[in-house]
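In what follows, every heavy atom counts, from backbone to side chain, and hydrogens, waters and symmetry copies are set aside.
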Amino acid sequence: MFAAERRQLILEMVRANGAVSLRELARVVQTSEVTVRRDVRALEAEGLLDRRHGGAVLPGGFSREPGYPQKTHLSAAEKSAIADAAAALVEEGDSVVVGAGTTTQELARRLARVPGLTVVTNSLLVAQALAHANRVEVVMTGGTLRGSNYALVGSGAEQSLQGLRVNKAFISGSGLTAERGLSTANMLSASVDRAMVLAAAEVIVLADHTKLGAAGMFQTVATETITRLVTDEQATADDGTVRELDALADCGVQVDLAPLGGPSGDAPVHGTGSGPVHQTQPGPMARRSGPPPGGAPLPGQRRPGAHGGPAGQGGMPTRLAELGLPRGGR
């Protein structure tokens with residue numbers, strides 16, 4: 001394929017999906033990520049798209065939210081790995097709230113085998129994944145259906161979350177930065193996610209590497225309120241995303257890296273509070289996912305060393321560079 005044809009195809013994919021990872025672009029145009037990165041830089045120089053860490057987005061600073069059919073094909077392997085790691089954080093008898101999204105839908109498929117679990121959600125897709133789970137109680141919010149992502153939003157959804165108290169909240173979004181926290185492209189979705197966060201003792205963000213450094217129009221969760229980030233190991237393949245992870249860790253966010261090629265969603269696995277199903281390497285990367293000693297904190301509260309695994313000076317999380325993580329993939 002000639003360079004002009006390849007770049008036109010890349011541009012069409014970004015316009016159709018809003019954001020596409022370099023890995024997915026390379027797969028579709030059947031070339032290396034190095035070549036795709038060069039093409040993306042050329043298209044950015046022409047003002048046709050913007051580069052983001054590990055991918056490309058529509059120009060203009062804020063990524064547009066793609067529809068559900070497009071989202072299902074974006075970073076599928078990464079979302080599966082993240083769901084595996086996130087499911088390991090859920091214990092028998094937990095109560096959790098799960099937001100809308102394709103990554104949280106993957107998580108729900110794994111939660112179907114956690115006995116005694118109560119799941120509160122505004123997502124029809126999450127509820128559908130749990131519909132036949134005999135040992136899981138599913139509670140749906142009220143609200144108005146937003147057809148693009150099959151989620152219930154609006155005042156009805158927000159009011160049904162008032163007074164709720166759960167162990168953990170699992171939410172996703174359009175982008176995540178240390179400066180702005182988690183954000184999304186839709187105001188109604190952002191409002192419901194904020195209500196979910198207020199109901200949870202721990203706030204766990206699920207975001208693949210293409211969302212790191214990207215920003216949606218509406219802030220969902222401030223960085224200081226995020227307890228933990230579960231992302232994929234490709235986040236260490238780019239210096240920009242590594243810097244973003246370091247900045248998040250400096251803000252008190254515990255970072256878990258999910259390895260690609262882990263167990264599938266069909267595996268009957270659930271967590272015991274000991275961290276992800278797999279770690280990228282032993283030793284410092286091991287994380288505890290259970291609440292810190294003395295009980296779970298209220299949203300936004302911090303305790304020294306509680307959210308960063310191995311504590312550094314002053315109880316802050318160990319930065320990725322100090323863990324000796326390899327950069328450039330597996």
Side-chain angles (χ1 to χ4, degrees), residues 19 21 52-55 62-63 75 78-79 81-82 85-86 89 99 101 103 168-184 190 193-194 197 200 202-216 218-259 275-276 279-281 284-289 292 297 299-327:
S21 69
R52 286 290 182 267
H53 304 312
F62 296 109
S63 59
S75 305
E78 289 85 348
K79 292 174 182 177
I82 290 169
L89 304 176
T103 308
K168 303 174 180 77
F170 293 92
I171 58 174
S172 189
S174 300
L176 176 66
T177 66
E179 179 181 5
R180 199 155 179 263
L182 186 68
S183 57
T184 188
D193 284 350
R194 283 194 291 270
V197 166
E202 294 184 64
V203 178
I204 302 168
V205 170
L206 311 183
D208 66 72
H209 70 279
T210 65
K211 296 180 180 179
L212 298 177
F218 302 97
Q219 185 191 53
T220 301
V221 189
T223 306
E224 60 268 19
T225 306
I226 300 172
T227 308
R228 182 190 298 261
L229 163 66
V230 183
T231 187
D232 61 274
E233 64 180 354
Q234 291 296 319
T236 64
D238 182 271
D239 286 341
T241 51
V242 169
R243 285 192 297 270
E244 200 69 65
L245 292 177
D246 280 341
L248 287 164
D250 284 343
C251 294
V253 179
Q254 179 174 322
V255 177
D256 290 343
L257 298 175
Q279 272 90 32
T280 53
Q281 63 182 52
M285 278 307 296
R287 310 293 197 190
R288 290 193 59 81
S289 65
Q301 288 185 332
R302 296 290 176 206
R303 293 180 180 165
H307 302 308
Q313 194 172 25
M316 290 302 294
T318 304
R319 291 165 62 86
L320 295 182
E322 296 167 359
L323 298 177
L325 282 175
R327 301 188 184 184

Which atom names give the shortest non-hydrogen contact between Q219 and R180, and what distance separates them? NE2-O, 2.8 Å
S174 side chain to T184 backbone, donor-acceptor under 3.5 Å: no
Out of curiosity, T241 OG1 to D246 CG, how far, rounded to the nearest 0.5 Å? 10.0 Å
Among L257, L212, D256, L206, side-chain contact (heavy atoms from CB on, under 4.5 Å) partner for L229: L212
Working to the nearest 0.5 Å, report the span between OG1 of T231 and CG of L248. 10.0 Å
Please determine, by modelled atom types, if K211 and S172 share a side-chain donor-acceptor pair under 3.5 angstrom. yes
Measure the spacing between CD of E202 and CG of L89 and express it to the nearest 0.5 Å. 8.0 Å
The reported gap from CD1 in I171 to CZ in R194 (rounded to nearest 0.5 angstrom) is 10.5 Å
Of the non-hydrogen atoms in A258 and A85, which two are nearest, and what is the gap between them? CB-CB, 3.9 Å
Under the side-chain contact (heavy atoms from CB on, under 4.5 Å) rule, what do L182 and T225 come out as? Steps first, then yes or no, please. CA-CA 10 Å; L182 186 68; T225 306; over 6 Å; no
Between CD1 of I82 and CD1 of I204, what distance do you get to the nearest 0.5 Å? 13.0 Å
Is the closest side-chain heavy-atom distance between K79 and D208 below 4.5 Å? yes
Residue pair V255, V230: steps toward the side-chain contact (heavy atoms from CB on, under 4.5 Å) verdict: CA-CA 6 Å; V255 177; V230 183; over 6 Å; no
Between E244 and A178, is there a donor-acceptor pair closer than 3.5 Å when you use the side chain of the first and the backbone of the second? yes
